[in-house]
Q: 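Please see the structure below; I have some questions.
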Number of protein chains: 2
Amino acid sequence: MNFDIAMERLKSEGFKRTPSREAILRLLEREDRYLSAGDVRKALADQHPKMSQDTVYRNLSSFSEMKILEETELGGERKFRMHCNRHGHHHHFICMECGRTEELDVCPMEQVSRALPSFVIDDHKFEVYGQCPDCRTAG
Amino acid sequence: MNFDIAMERLKSEGFKRTPSREAILRLLEREDRYLSAGDVRKALADQHPKMSQDTVYRNLSSFSEMKILEETELGGERKFRMHCNRHGHHHHFICMECGRTEELDVCPMEQVSRALPSFVIDDHKFEVYGQCPDCRTAG
DNA sequence: TTTCCAATTCGGAATGACTACGATTTACTC
DNA sequence: GAGTAAATCGTAGTCATTCCGAATTGGAAA
């Protein structure tokens, strides 16, 4: 997903095009990794010093609900990144130093479904944490 | 893991045996599912009305560090359960209604390691969320 | 058994992420 | 260009968690 497609999605769902939303989505497109609401605020402090917390949180949540963003919870914080749609379903490796992510194709949910036939499965989370090659050589 | 083994582990690591620690571990052994610090406080309110938050949080964290408990983060809260050691490495299905958990044997980490040879992998999380058979028929 | 001290707990205040809300501003429709 | 609902601002409130100084206590040593 990129900025333009995200803005189209907003329009089609009846959301207004505002400077705040543009700035948040442009940032997330550029960064291409998980950012917290605080990260977003700091990154936009120069260009949008008056953007309130409320605006950041509310928009990140809205974007996540309408699948423009992917969301996870890490270290006690909600984090968001532009939704990748190269493949359909996927999971991520997340570098704990720089936040870089790498898409993973493996997902064991078919096996799980077979193993739990009488359970209703609504959701699942699979994430791998570590150090990316760049941070490893830098460290 | 059960209460007695947990107390042995505490002793061997130089921790004192206190009424708070006994009560917390007895509760977690009995419940056999993920509880938050708040859940623990409420459950112990009758027998230990003066147990402070600090005591609950500090002990849950200590127990988690020394692998007496398993820990996860769910709905913005840290949750803890007695460590299962029937099998070695495993993951959980978690019922979002009653908190019941079911151990899963599948884990795709060998595939992931092969797919990311130049990455350092420190940790991973795989959890499945839904409704257990009891809650399904009850609903 | 008594003494002693570090570990533990208590009580409450501080932190930090997140949410709520009334007042003001703004994007979009007509 | 005017009107209106949506969006934002600023600030205060909530909730989980952590911190801290003072008081208590488990368990080793005398």
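Order of the sequence lines fixes the chain letters, A, B, ..., with proteins taken first and strands second; residue numbering starts at 1 for each chain. Every value quoted in this text rests on a predicted model; they were computed, and no experiment measured them.
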Q: Using atom CD of B:Glu77 as one end and atom C1' of D:dT18 as the other, report the distance to the nearest whole Å.
A: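 From B:Glu77 CD to D:dT18 C1': 16 Å.
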Q: Start with the C-alpha gap between A:Phe93 and B:Phe119, add the side-chain angles, then the distance that decides, and say whether ring pair (Phe, Tyr, Trp, His ring centres under 6.0 Å) holds.
A: CA-CA 9 Å; A:Phe93 167 92; B:Phe119 290 68; 4.8 Å; yes
Q: Taking only the side-chain heavy atoms of A:Ser52 (C-beta and beyond), determine which of D:dC9, C:dC10, C:dT19 contains the nearest atom.
A: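 So the nucleotide nearest the side chain must be D:dC9.
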Q: Can you tell me the distance, in whole Å, between the CG atom of B:Leu60 and the P atom of D:dT18?
A: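 Answer to the nearest Å: 10 Å.
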Q: Would you say D:dA7 has OP1 or OP2 under 4.0 Å from some side-chain N or O of A:Arg21?
A: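 For A:Arg21, the contact criterion (side-chain N or O under 4.0 Å from OP1 or OP2 of D:dA7) is met.
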Q: Nearest whole angstrom, please: distance from the P of C:dT8 to the CE of B:Met51.
A: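 My rounded result for the distance is 14 Å.
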Q: Which residue lies toward the 5' end of DNA chain D, B:Arg17 or A:Gln53, if each is placed at its nearest nucleotide?
A: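 Counting from the 5' end, the first nearest nucleotide belongs to A:Gln53.
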Q: Select base, sugar-phosphate, or nothing to describe what A:Arg78 touches, counting heavy atoms under 4.0 Å on all strands.
A: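 Sugar-phosphate contact only.
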Q: Would you mind telling me which of C:dT9, D:dG10, D:dT8 lies closest to the side-chain atoms of A:Lys50?
A: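 The nucleotide sitting nearest to the side chain is D:dG10.
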Q: Could you tell me whether the phosphate oxygens of C:dT19, OP1 or OP2, come under 4.0 Å of any side-chain nitrogen or oxygen in A:Tyr57?
A: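 Checking A:Tyr57 against C:dT19: no side-chain N or O falls below 4.0 Å of OP1 or OP2.
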Q: In whole angstrom, what separates B:Lys79's NZ from D:dC15's P?
A: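 My rounded result for the distance is 16 Å.
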Q: When rounded to the nearest 0.5 angstrom, what is the spacing between OG1 in B:Thr72 and NZ in B:Lys125?
A: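 Answer for the OG1-NZ pair, B:Thr72 versus B:Lys125, is 3.0 Å.
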Q: Ignoring the backbone of A:Lys16, work out which of D:dT25, D:dA5, C:dT9 is nearest its side chain.
A: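 Minimum distance to the A:Lys16 side chain belongs to D:dA5.
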Q: Using 0.5 Å steps for rounding, measure from the CD1 atom of B:Ile68 to the CD atom of B:Glu29.
A: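 Taking CD1 in B:Ile68 and CD in B:Glu29, the distance rounds to 12.0 Å.
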Q: When you measure from the side-chain N and O atoms of A:Thr18 to the phosphate of C:dT26, is any distance below 4.0 Å, counting only OP1 and OP2?
A: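 It does not, given that no N or O in the side chain of A:Thr18 lies less than 4.0 Å from OP1 or OP2 of C:dT26.
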Q: When you measure from the side-chain N and O atoms of A:Ser20 to the phosphate of D:dT8, is any distance below 4.0 Å, counting only OP1 and OP2?
A: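 Result: yes.
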Q: Write down the distance between CZ (B:Arg58) and C1' (C:dA7), rounded to a whole number of angstrom.
A: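 Rounded to whole Å, this separation is 9 Å.
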Q: Quickly work out the A:Leu74 CG to C:dA17 C1' distance and round it to whole Å.
A: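 So the CG-C1' distance, A:Leu74 to C:dA17, works out to 14 Å.
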Q: Identify, between A:Asp54 and A:Gly38, the residue whose nearest nucleotide on DNA chain C lies closer to the 5' end.
A: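 Final value for this comparison: A:Gly38.
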Q: To the nearest Å, how far apart are B:Leu10 CG and D:dG26 P?
A: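 B:Leu10 atom CG is separated from D:dG26 atom P by 15 Å.
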Q: Count the heavy atoms of every other residue, nucleotide or ligand shown that sit under 6.0 Å from CD of A:Gln47, and state whether that count exceeds 12.
A: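 Counting neighbours around CD of A:Gln47, 12 or fewer heavy atoms of other residues, nucleotides or ligands fall under 6.0 Å, so no.
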Q: For the CZ atom of A:Arg81 and the OG1 atom of A:Thr101, what is their distance to the nearest 0.5 Å?
A: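 One gets 3.5 Å once the value is rounded to the nearest 0.5 Å.
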Q: Pick the nucleotide of DNA chain D nearest each of B:Gly76 and A:Pro49; which residue has the one closer to the 5' end?
A: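 It is A:Pro49, whose closest nucleotide lies nearer the 5' terminus.
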